[in-house]
Engineer: 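I have a structure here, written as structure tokens, and I will follow up with some questions on it.
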Amino acid sequence: MTENEIKVLMKKYLNGTITKEEESLLEEFDYKLLSKNHQNVFKNSKHKNSIGQKLAKSINNSKRRNPLLKWAQVAASLTLLMGLNYFIYTNTVEHEVVESYEEVTKSTDWGQKLNLVLADGTEVYLNSGSTIKFPKLFEADKRVVELDGEAFFDVAENPDKPFIIKSGEVETTVLGTSFNVNTYSESNQVAVTVATGKVKVASKEKEIFLMPNEQGVFDKQSKSISKKKIDIAALLHWKDGIIHFEDAELSEVLETLERWYGVTFEVDNENIGDCHLTASYNNERLSAVLESIVYAKKGISYEFQSSKKIQLMGKCTD
């Protein structure tokens with residue numbers, strides 16, 4: 001029988017217009033259905049009790065109408081009602097699963113940041129120039145998101161549903177913890193740094209486990225994964241609007257400033273990039289940051305070519 005035919009017969013059964021021949025067909029269908037799926041009839045104990053109450057009411061009504069009703073007919077009514085509930089339940093669940101695949105994409109431009117709370121309660125802090133993709137509702141056995149860029153995750157704990165971040169060739173898997181993932185597509189590496197809990201970082205060739213204040217780095221060229229100790233607090237300053245550089249090469253500093261403020265730098269002398277800088281900036285304007293750099297690194301000057309383009313000139317004396 002087709003789905004539509006089954007629905008028609010069930011409707012007839014409930015309003016009392018079904019013929020004996022049609023009832024026999026429906027009983028045969030329900031018997032086969034329950035034999036195959038008897039363990040899946042009830043969603044939970046509450047659902048089971050609800051069906052039991054409906055059955056009792058149905059049987060009592062039938063007895064009042066006909067005290068000589070055969071027990072076989074009562075059994076048939078039970079089977080039909082259970083089959084109907086199973087039929088409605090499975091169609092509802094399938095509908096919910098389809099909805100769970102509805103994908104949401106959130107992106108930030110350079111100079112922007114975004115805070116998100118996913119359906120499971122996981123908090124995500126998305127850094128500038130980043131994109132995250134995730135389902136509107138997570139499916140039953142896992143929680144999967146895709147990330148290009150940088151984000152900090154504070155994952156809602158659920159031992160039955162591992163949380164997986166896909167970053168190109170790398171998968172980061174957790175149950176409930178907080179960590180940072182840096183996976184900008186133009187970078188030669190993917191870096192995962194753990195704040196709390198335990199994280200698994202895996203590629204096709206290798207997997208490692210990280211604990212708090214440990215960072216795993218996947219090299220996109222060699223396909224290797226390495227592990228090292230790191231100060232997670234310093235690395236996560238970006239979440240609070242703080243830019244922190246610890247003996248960083250100026251080339252790295254300029255790259256960070258481009259992402260942070262949504263600008264581009266042009267450098268006259270490539271040797272400028274070899275300078276090193278240690279500094280922190282708390283929600284400072286770009287002009288204030290640049291003034292600080294040229295003050296600390298004598299011989300360097302800058303000039304705004306436009307609101308989004310900056311020329312860096314001179315020679316760095318590190």
Side-chain angles (χ1 to χ4, degrees), residues 105-116 124-133 146-152 167-168 180-193 215 217-221 230-318:
T105 300
K106 295 290 184 180
S107 298
T108 52
D109 292 330
W110 296 118
Q112 295 182 335
K113 296 176 184 63
L114 180 66
N115 293 354
L116 301 167
V124 181
Y125 300 83
L126 198 63
N127 207 346
S128 58
S130 303
T131 298
I132 186 172
K133 297 180 181 179
E146 295 181 34
L147 174 68
D148 177 21
E150 184 173 23
F152 178 81
S167 312
N180 193 81
V181 179
N182 188 315
T183 176
Y184 286 103
S185 55
E186 66 270 22
S187 175
N188 291 323
Q189 64 183 29
V190 175
V192 179
T193 313
Q215 182 181 75
V217 178
F218 171 77
D219 188 287
K220 293 180 181 179
Q221 293 182 338
I230 196 168
D231 181 5
I232 186 68
L235 184 140
L236 295 179
H237 281 318
W238 68 264
K239 282 174 58 262
D240 303 313
I242 299 172
I243 311 175
H244 178 77
F245 301 111
E246 188 68 37
D247 195 28
E249 291 185 355
L250 199 57
S251 57
E252 179 187 340
V253 171
L254 296 180
E255 185 177 302
T256 299
L257 294 181
E258 286 182 334
R259 292 173 177 170
W260 197 272
Y261 293 101
V263 298
T264 57
F265 285 93
E266 288 190 356
V267 181
D268 281 352
N269 186 349
E270 292 183 1
N271 291 332
I272 291 178
D274 296 332
C275 292
H276 288 74
L277 179 71
T278 297
S280 290
Y281 305 101
N282 189 348
N283 291 303
E284 297 285 354
R285 291 179 292 108
L286 177 58
S287 58
V289 174
L290 293 175
E291 286 294 330
S292 170
I293 292 175
V294 299
Y295 177 82
K297 300 297 174 182
K298 306 300 183 182
I300 295 179
S301 62
Y302 71 93
E303 181 180 329
F304 276 91
Q305 302 294 322
S306 68
S307 61
K308 296 294 183 181
K309 187 176 179 180
I310 303 161
Q311 187 82 23
L312 205 62
M313 302 161 287
K315 183 178 180 180
C316 182
T317 55
D318 205 354

Engineer: Which value, rounded to the nearest 0.5 Å, describes the distance between Y281 atom OH and T256 atom OG1?
Structural biologist: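 The OG1 atom of T256 is 11.5 Å from OH of Y281, to the nearest 0.5 Å.
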Engineer: Would you find a donor on one side and an acceptor on the other, under 3.5 Å apart, between the side chain of S280 and the backbone of H244?
Structural biologist: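 A pair under 3.5 Å: no.
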Engineer: Do other residues, nucleotides or ligands put more than 12 heavy atoms under 6.0 Å from E186 CD?
Structural biologist: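 Enclosed: over 12 neighbouring heavy atoms sit under 6.0 Å from CD of E186.
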Engineer: Is the count of non-hydrogen atoms from other residues, nucleotides or ligands lying under 6.0 Å from K239 atom NZ greater than 12?
Structural biologist: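 Correct, the count exceeds 12.
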Engineer: Measure the spacing between CG of D231 and CD of Q215 and express it to the nearest 0.5 Å.
Structural biologist: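 It comes to 11.5 Å.
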Engineer: If you take all heavy atoms of K133 and T105, which pair is closest and at what distance?
Structural biologist: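 In this case the closest contact between K133 and T105 is CG-OG1, 3.6 Å.
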Engineer: Ignoring hydrogens and geometry, is there a side-chain-to-backbone donor-acceptor pair from T108 to K113 under 3.5 Å?
Structural biologist: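 Checking the backbone N and O of K113 against the side chain of T108, no donor-acceptor pair under 3.5 Å is found.
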Engineer: Please check: side-chain N/O of T131 versus main-chain N/O of D148, any donor-acceptor pairing under 3.5 Å?
Structural biologist: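 Side chain of T131 to backbone of D148: no pair is present.
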Engineer: For residues G314 and N269, report the shortest heavy-atom separation together with the two atoms involved.
Structural biologist: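 Smallest interatomic distance, heavy atoms only, reads O-CB, 3.5 Å.
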Engineer: Would you please name every residue forming a ring pair (Phe, Tyr, Trp, His ring centres under 6.0 Å) with Y184, sequence neighbours left out?
Structural biologist: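 Scan of Y184 (ring pair (Phe, Tyr, Trp, His ring centres under 6.0 Å), adjacent residues dropped) gives W110.
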Engineer: Answer yes or no: is there a side-chain heavy-atom contact under 4.5 Å between Q189 and D219?
Structural biologist: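 No - every pair of side-chain heavy atoms lies 4.5 Å or more apart.
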Engineer: With a 3.5 Å distance limit and no angle check, can you tell me whether S130 reaches the backbone of E150 through a side-chain donor-acceptor pair?
Structural biologist: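 Between the backbone of E150 and the side chain of S130 there is a qualifying donor-acceptor contact (under 3.5 Å).
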Engineer: Could you please spell out the steps behind the side-chain contact (heavy atoms from CB on, under 4.5 Å) verdict for I300 and L250?
Structural biologist: CA-CA 11 Å; I300 295 179; L250 199 57; 3.8 Å; yes
Engineer: Distance from I293 atom CD1 to L257 atom CG, nearest 0.5 Å?
Structural biologist: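 One finds 5.5 Å between CD1 of I293 and CG of L257.
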Engineer: State, to 0.1 Å, how close L126 and K106 come at their nearest heavy-atom pair, and which atoms those are.
Structural biologist: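 Of all heavy-atom pairs spanning L126 and K106, the closest is CD2-O, 3.7 Å.
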Engineer: CG/L236 to CD1/I242 distance, rounded to the nearest 0.5 angstrom?
Structural biologist: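 If we round to the nearest 0.5 Å, L236:CG and I242:CD1 are 11.0 Å apart.
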Engineer: Enter the distance from L147:CG to N182:CG here, rounded to the nearest 0.5 Å.
Structural biologist: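 Answer rounded to 0.5 Å: 8.5 Å.
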Engineer: Without swapping roles, check the side chain of K220 against the backbone of V190 for a donor-acceptor pair under 3.5 Å.
Structural biologist: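 No; judged by distance alone, with no hydrogens or angles, the pair does not exist.
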Engineer: Rounded to the nearest 0.5 Å, what's the gap from OH on Y302 to CD1 on I310? Could you check?
Structural biologist: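 These two atoms lie 8.5 Å from each other.
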Engineer: Using 30° and 60° as the class limits, which term best fits the ring planes of Y125 and F152: parallel, tilted or perpendicular?
Structural biologist: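 Ring orientation of Y125 relative to F152: tilted.
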Engineer: Tell me whether the NZ or CZ atom of K298 lies within the 45° cone about the ring axis of Y295 and under 6.0 Å from its centre.
Structural biologist: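 Yes, K298 lies over the aromatic ring of Y295.
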Engineer: Where is the tightest heavy-atom contact between S307 and V263, given as atom of each residue plus distance?
Structural biologist: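 Between these two residues, the closest heavy atoms are O-CG1, 4.0 Å.
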Engineer: Side chains of I243 and Y261: closer than 4.5 Å at any heavy-atom pair?
Structural biologist: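 Counting from C-beta outward, I243 and Y261 do come under 4.5 Å.
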Engineer: Taking the side chain from K297 and the backbone from H276, do they hold a donor-acceptor pair closer than 3.5 Å?
Structural biologist: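 Looks like yes, one N/O pair under 3.5 Å.
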Engineer: Does S292 reach the main-chain N or O of A288 with its side chain, forming a donor-acceptor pair under 3.5 Å?
Structural biologist: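 No.
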